[in-house]
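One structure is given below, encoded as structure tokens.
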Amino acid sequence: MSTIARRGIHYMQRLNSANVSSALLENGQNRVIDASLTLIRERAKLKGELVRALGGAVATSSLLGVPLGHNSSFLQGPAFAPPRIREAIWCGSTNSTTEEGKDLQDARVLTDVGDVPIQEIRDCGVDDHRLMNVIGESVKLVMEEDPLRPLVLGGDHSISFPVIRAVSEKLGGPVDVLHLDAHPDNYDEFEGNYYSHASSFARVMEGNYVRRLLQVGIRSITTEGRAQAKKFGVEQYEMRTFSRDRHFLENLKLGEGVKGVYISIDVDCLDPAFAPGVSHIEPGGLSFRDVLNILHNLQGDVVAGDVVEFNPQRDTVDGMTAMVAAKLVRELAAKIAK
């Protein structure tokens with residue numbers, strides 16, 4: 001078992017060493033998982049009822065935090081990101097209106113169902129296979145409360161696999177995915193970790209949950225990354241050719257003939273001048289306005305999304321990257337809501 005796989009299951013190891021029966025342990029894990037899902041279910045139900053009572057919403061962005069960092073291959077700080085992003089969203093230094101004029105204080109635009117209690121579940125010895133299922137079930141619980149659509153706060157990028165899988169399964173078919181990132185995250189496995197944040201899109205493509213995967217901002221890619229992209233038919237747009245590709249990327253039309261569009265934004269898609277608070281600093285990235293132009297001009301029904309890989313432990317003292325991540329969430333929320 002790798003070092004990564006051992007993290008977070010120390011409690012189970014202690015119980016096993018004390019000769020605690022596996023049935024007792026599994027029953028306890030099931031109770032914790034059920035309680036966790038019940039909390040998400042009831043919060044989503046309440047927020048859904050509120051939005052429906054207000055009326056007039058076809059789609060409402062609903063924040064769902066997934067504070068998971070243990071599948072990161074370098075630093076695990078993204079586990080601490082969801083509360084920092086929420087704090088920045090509502091920071092008094094700015095107002096609640098998005099660039100396209102939607103007011104985030106209107107519950108029909110943005111609501112929040114809280115966090116999946118990742119660490120509490122892992123402390124009970126739940127492995128990553130079951131944990132990914134819990135994340136996916138949490139996403140489905142949000143989607144059951146029409147018109148709520150999940151906007152997930154990571155967390156490292158491993159969370160995109162169970163989220164996209166859940167969205168596709170719940171909608172009954174594949175989606176198109178716009179993935180903004182410095183890295184393709186498509187290793188078959190990375191450092192022996194099947195659920196590594198560097199392997200999330202290999203898992204997504206293997207499952208046929210996606211028709212088109214467009215990866216934008218790529219500037220750190222290996223031979224395996226290129227081979228995997230070719231294997232899965234991924235459309236990769238690297239930064240070295242961005243000036244040539246800009247017009248196309250700022251006029252995307254996605255989602256026709258499938259169940260909609262999913263947008264995954266890794267904060268390190270941005271040049272570190274704009275977002276230094278990430279685990280993997282890769283110079284030569286997108287500007288913040290580049291990302292907003294791509295997002296604002298996209299034509300398609302955005303059914304869900306995520307913002308991942310913000311690492312508060314590497315942010316500036318004034319929380320610059322938290323504000324950047326928060327604005328990405330704000331503008332993505334506005335894109336989803338209608």
Side-chain angles (χ1 to χ4, degrees), residues 36-68 81-90 96-98 100 102-118 132-155 159-172 175 177-178 209 255 259-265 295 298 300-308 310 325-338:
S36 301
L37 292 175
T38 296
L39 180 59
I40 299 295
R41 178 186 298 109
E42 295 304 319
R43 288 188 61 126
K45 185 178 295 185
L46 173 61
K47 299 305 176 71
E49 290 170 346
L50 171 62
V51 172
R52 292 191 293 271
L54 290 171
V58 175
T60 298
S61 297
S62 181
L63 300 183
L64 174 67
V66 183
L68 184 156
R84 300 287 77 80
I85 295 174
R86 286 189 177 94
E87 181 181 16
I89 289 172
W90 304 113
S96 61
T97 305
T98 68
E100 296 189 324
K102 293 181 180 177
D103 187 353
L104 299 179
Q105 290 187 335
D106 184 342
R108 293 168 294 187
V109 176
L110 180 66
T111 189
D112 192 340
V113 300
D115 290 353
V116 180
I118 296 295
M132 294 297 168
N133 290 337
V134 172
I135 294 169
E137 287 304 311
S138 300
V139 169
K140 290 179 181 179
L141 290 173
V142 174
M143 297 177 70
E144 284 179 5
E145 295 298 326
D146 188 65
L148 303 189
R149 295 185 176 185
L151 176 45
V152 179
L153 308 179
I159 70 169
S160 293
F161 164 54
V163 177
I164 293 172
R165 178 178 63 181
V167 169
S168 174
E169 290 177 346
K170 189 67 178 175
L171 294 177
V175 294
V177 174
L178 174 60
Y209 304 114
K259 297 299 182 178
V261 182
Y262 185 97
I263 299 178
S264 180
I265 305 177
L295 182 62
L298 170 68
D301 182 20
V302 181
V303 294
D306 64 59
V307 175
V308 299
F310 162 47
K327 179 143 184 174
L328 292 171
V329 171
R330 289 159 59 96
E331 298 301 317
L332 183 51
K335 189 71 178 181
I336 293 171
K338 56 187 176 181

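- Put simply, the side chain of Lys102 never gets that close to the backbone of Val109: no donor and acceptor are under 3.5 Å apart.
- Residues Leu332 and Leu328 form no side-chain contact, since every pair of their non-hydrogen atoms from C-beta on lies 4.5 Å or further apart.
- Every residue meeting the side chain to side chain donor-acceptor pair (under 3.5 Å) condition with Arg149, not counting sequence neighbours, appears here in chain and number order: Asp301.
- Met143 places a side-chain heavy atom less than 4.5 Å from the side chain of Pro150.
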Would you mind writing out the side-chain donor-acceptor pairs for residues 55-66 within the sub-3.5 Å range, not counting sequence neighbours?
| unit_1 | atom_1 | unit_2 | atom_2 | d |
| --- | --- | --- | --- | --- |
| Thr60 | OG1 | Arg108 | O | 2.8 |
| Ser61 | OG | Ala333 | O | 2.8 |

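- Asp103 meets the side chain to side chain donor-acceptor pair (under 3.5 Å) test with Ser96; sequence neighbours excluded.
- With sequence neighbours left out, Asp146 forms a side-chain contact (heavy atoms from CB on, under 4.5 Å) with no residue at all.
- Of all heavy-atom pairs spanning Ala107 and Leu54, the tightest one is CB-CD1, 3.9 Å.
- Shortest non-hydrogen contact noted between Ala81 and Gly155 is CB-N, 4.2 Å.
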Let me have the donor-acceptor pairs involving side chains of residues 38-50, under 3.5 Å, with sequence neighbours excluded, atom names and distances please.
| unit_1 | atom_1 | unit_2 | atom_2 | d |
| --- | --- | --- | --- | --- |
| Thr38 | OG1 | Asp34 | O | 2.8 |
| Arg43 | NE | Val113 | O | 3.0 |
| Lys47 | NZ | Asp112 | O | 2.4 |

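- With sequence neighbours excluded, the residues satisfying salt bridge (Lys or Arg N to Asp or Glu O under 4.0 Å) with Lys140 are Glu137, Glu169.
- Taking the side chain as every heavy atom from C-beta outward, Arg330 and Leu104 approach each other to under 4.5 Å.
- Judged purely by atom type and a 3.5 angstrom limit, Ser138 uses its side chain to pair as donor or acceptor with the backbone of Val134.
- Under the side-chain contact (heavy atoms from CB on, under 4.5 Å) criterion, Pro82 pairs with Pro67, Arg86, Asp115, Leu153, not counting sequence neighbours.
- None of Ile265, Ile159, Val163, Val152 except one satisfies the side-chain contact (heavy atoms from CB on, under 4.5 Å) rule with Val308; the exception is Ile159.
- For Lys327, the side chain to side chain donor-acceptor pair (under 3.5 Å) partners are Glu99, not counting sequence neighbours.
- Phe161 has its side chain out of reach of Ile135: every pair of non-hydrogen atoms, C-beta onward, lies at least 4.5 Å apart.
- Taking the salt bridge (Lys or Arg N to Asp or Glu O under 4.0 Å) definition, one finds that Glu100 meets it with nothing, sequence neighbours left out.
- Between Ser160 and Asp306, the shortest heavy-atom distance links the atoms OG-OD2, 2.8 Å.
- Taking NZ from Lys335 and CG from Leu298, the interatomic distance works out to 5.0 Å, rounded to the nearest 0.5 Å.
- Closest heavy-atom contact between Ala304 and Val167: CB-CG2, 3.8 Å.
- Looking only at side-chain heavy atoms (C-beta outward), Glu145 and Val51 stay at 4.5 Å or farther from each other.
- Within the 4.5 Å cutoff, the side chain of Trp90 has heavy atoms near those of the Gln105 side chain.
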